[in-house]
Amino acid sequence: MYGAIFATHEHRKVLPELEGAAGGVVMRFAPNPSGPLHIGHARAAVLNDAYVKQYGGTYILRIEDTDPKRVDPDAYETVREDIRWLGLGITETVTQSERLPLYYDLCRQLIQRGGAYVCTCDTERFKELKMAKTACPCRDQPVEKNLDLWAKMLDHRFAEGEATVRIRTDLNHPDPAMRDFPAFRILDSPPHPKVKAHVYPLMNFSVVADDHLLGVTHVIRGKDHIANTRRQRFIYDHFGWKVPVYRHYGRMGIEGVVLSTSQMRNGIREGTYTGWDDIRLGTLRALARRGIRPEAVKNAVLAIGIGETDISFSWDNLYSENRKLVDPVANRYFFVPDPIELHISGAQSRTAHALLHPADEKRGVRTLPFTGSVVLPAAELADRSRSLIRLKDLFNVSVEHDHAHPHLTYTGDSLADARAAKAPIVQWLPADCQTPCTLRTPDGDIRGVCEPVVKTELGKVVQFERVGFAKIDAISDDGVMAYFTHK
RNA sequence: GCUGCUAUAGUGUAGACCGGCCAAUCAUGCGGGCCUUUCACGCCCGCGACUGGGGUUCAAAUCCCCAUAGCAGCACCA
C-alpha cells in the first residue's frame, strides 16, 4: 500500500518500430571529442540507446576524431564521463584515429574500383567546375595514376591542400552538394594529439567505412545529416555494401543556454563562465550540477522521439520529469531568502519539529529551537494587509505594521485557526540557529539563510519548502552554496 | 539561388503508411477545486490544435495539387 505512494503509472510511449530490427540491431553514438556532451548530443545518444535496449544488440561508442582541428585531448575522457553519467549501455568503443590504416586500405580499394580519384585541382577551381557540372581534369585519370598519386599522398609528397581524394558520383546530380565530394585530405597542422598522420579521411568516408566494418544496422541522427546520408550512399554503392537503415530527427532549438563548444570554451577562458558545468551552459554536467537526474534527461528526450519536425526543447517538460524523480527522495528544509529578523512578543521558548519528508514520517524530523526571535522572508511581510501568519511547524503570529517595522505577536498554536483565517504558512528560522546560504539561479544569486543541517546534504538535491528544489553544491566557512534546480 | 525535408493546443507528442470508430490522444503548461502545517507531491474539473486554399471521395487531420512558413544541405567540419 505504501509502495504505491511514489509509483508513477504513466505509460511511456514506445519509439516507433525500425524496419529490419526484429533480430537485433547494431547502433552507434559517434561524437566528436571537442568538448563535453550537451543536451543535443543526449538526444542522439539516448535515442540510439533506447533502440538497442528495445531490440537487443550492441551499442558502439565511436569517437570521431579525424579532424585534428576539432579535437580537444581532454574531451576523450570528458565524453566518457558524460556517457557514464547518462547511463548508456555502450558495449564497445572505437576511436577513429586508431583506425587510419583501415581507411587508407579501403581508399586504395575504392580507387581500384574506379569509385574515387585523386584530385590536385585548386579548391576554388574545383568548386567552379562543380557548379558548372563539369569534370575536373583529374577525374579521367587512369586508375594507375590515381593509385600512384594516392601513394604519394600517403608518402607526404603533397603539402596541405595540394591533393584530395574525391568520390566519383554524378556530376549532373541536381544537388551540387552531391557532386564528387571529397573523401580524404592532407593536413600538415595542427598535429593530431593521438596519432602521427597527415592524410585524414573526411567524415563521409570514415563513417561509411566504420558503419560497414562494425556492422552497424541502424543509424539515428539529426536531419543535418540527410545530405551526408545521400552522399554516403554513393560510397556504399561503389563497394557494393549493404546500407544501414537511417532515421533523421528534426532540429531541436534549446533556449536560454549556450551550446556551441567554441563559444563555451572562449567564455571559460575569458572567465565569463566558471567552467564546463556553469549553469548557463547546456552541457550535461551543468544539468547535473543543478540537480537534474540523468533519467530525467533520458525521459524528456524519449518523449520527444525521432520526429522530423523541428522542435524547441521544453525545459518545463524536463523539469517535470526531474521533479517526479526528485520529489520522493529530496529532504525538506527551510531556506529564508532575504531574511529579516524579528522578535516575537508573548511567545515561550520551544522546539519545533518538521518532517524531513511529508510523505515519509520514518525519515524523521529536523529540530528548530525557538528562543524568542526568528528570521522570515522579507517578501512575506511586504503585504501589509496580512494580519496573521503561521510559522510552519511552530505557531501563529499576528502582524502589525508600525510604520516600516512589523511587530509580531504570538497568537496561538492552532493550525485550524490559521486555516480559518487563510493565513499563509511560511518558512522561518530561529534567529540564533541558521547558516548563510546562497541560492544560485540562472537569474543570479539569492542570498539567504538555511537550516544548519543542510550541511549534511552535500551533493544531494533537497527541497527548500515553498522555494523549490536545489542541489547542495558546496559547504564552506561562508555557509552553503545551493544551485536552484527548479520549482 | 539550387536541392531536399517538415507543418496537430503555449511546449512536446499520438493519430497519417491501411480515409470513416477523431466534434482529435497523452504529457507538460495555465486556470479552478480537493487534499495537505510547503506555492512540492497526489487527486478532480476546465482551457487550448489539425498552416491556408483548391481537388478526389458518400466520407479527409489522414490521399493529390498549389501557396505559405520553418528547417537542413550546397566545407579539403562532424
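Sequence lines set the chain letters: A, B, ... in the order given, protein chains first and strands last, and positions in each chain run from 1.
- Put simply, CD1 on I389(A) is 15 Å from C1' on rU37(B), counting in whole angstrom units.
- For the C1' atom pair drawn from rU13(B) and rC22(B), the interatomic distance equals 16 Å after rounding to whole Å.
- Here the nucleotide nearest the side chain of R231(A), chosen from rC41(B), rG73(B), rU38(B), is rG73(B).
- A distance of about 12 Å separates the C1' atoms of rC64(B) and rU57(B), rounded to the whole Å.
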Nucleotide N/O of nucleotides 63-68 of chain B paired with protein N/O under 3.5 Å:
none

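- At the heavy-atom level, R251(A) lies under 4.0 Å from the strands shown only through sugar-phosphate atoms.
- Within the 4.0 angstrom heavy-atom criterion, base atoms lie near N228(A).
- Closest to the side chain of K223(A), out of rC71(B), rG73(B), rU36(B), is rC71(B).
- Listed by first residue number, the stems of RNA chain B with at least three Watson-Crick or G-U pairs below 3.5 Å are B:1-7 with B:68-74, B:10-12 with B:26-28, B:29-34 with B:42-47, B:51-55 with B:63-67.
- Atom P of nucleotide rC39(B) and atom CG of D383(A) are separated by 16 Å, given to the nearest angstrom.
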Between protein and nucleotides 47-51 of chain B, what N or O pairs are separated by less than 3.5 Å?
none

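- Checking rC41(B), rA27(B), rG70(B) against every side-chain atom of D327(A), the shortest atom distance belongs to rC41(B).
- Below the 3.5 angstrom threshold, one finds no donor paired with an acceptor across the side chain of Q427(A) and the base of rC39(B).
- A close approach under 4.0 Å does occur between a side-chain nitrogen or oxygen of R323(A) and OP1 or OP2 of rG29(B).
- Looking at the side chain of L202(A), the nearest of the listed nucleotides rA40(B), rU8(B), rC76(B) is rC76(B).
- Of the possible donor and acceptor atoms, none in the side chain of H486(A) sits under 3.5 Å from a partner among the backbone N and O of W315(A).
- Using a 4.0 Å heavy-atom criterion, one finds that G250(A) contacts no nucleic acid atom at all.
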Considering only nitrogen or oxygen atoms on both sides, find all protein atoms under 3.5 Å from nucleotides 10-12 of chain B and state each distance.
from    : atom 1 : to      : atom 2 : distance (Å)
rU11(B) : O3'    : S312(A) : OG     : 3.2
rG12(B) : OP1    : S312(A) : N      : 2.9
rG12(B) : OP1    : S312(A) : OG     : 3.4

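- Note: F205(A) and F184(A) meet the aromatic proximity criterion, with ring centroids under 6.0 Å apart.
- Applying the side chain to side chain contact (heavy atoms under 4.5 Å, CB included) test to D393(A) and every residue at least two apart in sequence or in another chain returns F334(A), A354(A).
- Atom pair H353(A):NE2 and rU38(B):C1' shows a separation of 19 Å (rounding to whole Å applied).
- As rounded to whole Å, 12 Å separates atom P of rU6(B) from atom CZ of R247(A).
- Separation of the C1' atoms belonging to rA9(B) and rU25(B) is 12 Å when rounded to the nearest angstrom.
- Taking atom C1' on both nucleotides, rA69(B) is separated from rG53(B) by 15 Å, rounded to a whole Å.
- For rG73(B) and rA27(B), the C1' atoms lie 34 Å apart once the distance is rounded to whole Å.
- A cation-pi contact links K194(A) to Y76(A), judged by a cut-off of 6.0 Å to the six-membered ring centre and 45° from its axis.
- Between the P atom of rA75(B) and the CG atom of L187(A) lies a distance of 18 Å, rounded to the nearest Å.
- Spacing of P atoms, rG46(B) relative to rC26(B), comes out at 11 Å, to the nearest Å.
- Q463(A) contributes a side-chain N or O that forms a donor-acceptor pair with the base of rU38(B) under 3.5 Å.
- Put simply, CE on M252(A) is 17 Å from C1' on rG70(B), counting in whole angstrom units.
- Applying the 4.0 Å criterion to OP1 and OP2 of rC71(B), one finds that T309(A) has every side-chain N and O outside that range.
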For residues 115-126 of chain A, which side-chain N or O atoms pair as donor and acceptor with protein atoms under 3.5 Å away, sequence neighbours left out?
from    : atom 1 : to      : atom 2 : distance (Å)
Y117(A) : OH     : D180(A) : OD2    : 2.5
D122(A) : OD2    : E124(A) : N      : 3.1
D122(A) : OD2    : R125(A) : N      : 3.3

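- Looking at D211(A), D210(A), D49(A) one by one, the single match for salt bridge (Lys or Arg N to Asp or Glu O under 4.0 Å) with R28(A) turns out to be D211(A).
- In this structure, F370(A) and F395(A) have perpendicular ring planes: the angle between them is above 60°, well past the 30° mark.
- Atom-to-atom, CG of L318(A) to P of rA27(B) comes out at 18 Å; the value is rounded to the nearest Å.
- F469(A) comes within contact range of the sugar-phosphate backbone alone, with a heavy-atom separation under 4.0 Å but no base atom that close.
- Here F464(A) and F469(A) keep their ring centres 6.0 angstrom or further from each other.
- Between the side chain of H248(A) and the backbone N or O of R221(A) there is no donor-acceptor pair closer than 3.5 Å.
- No donor-acceptor pair under 3.5 Å is formed between the side chain of S385(A) and the backbone N or O of D383(A).
- In this structure, R419(A) places its CZ atom 11 Å from P of rC34(B), rounding to the nearest Å.
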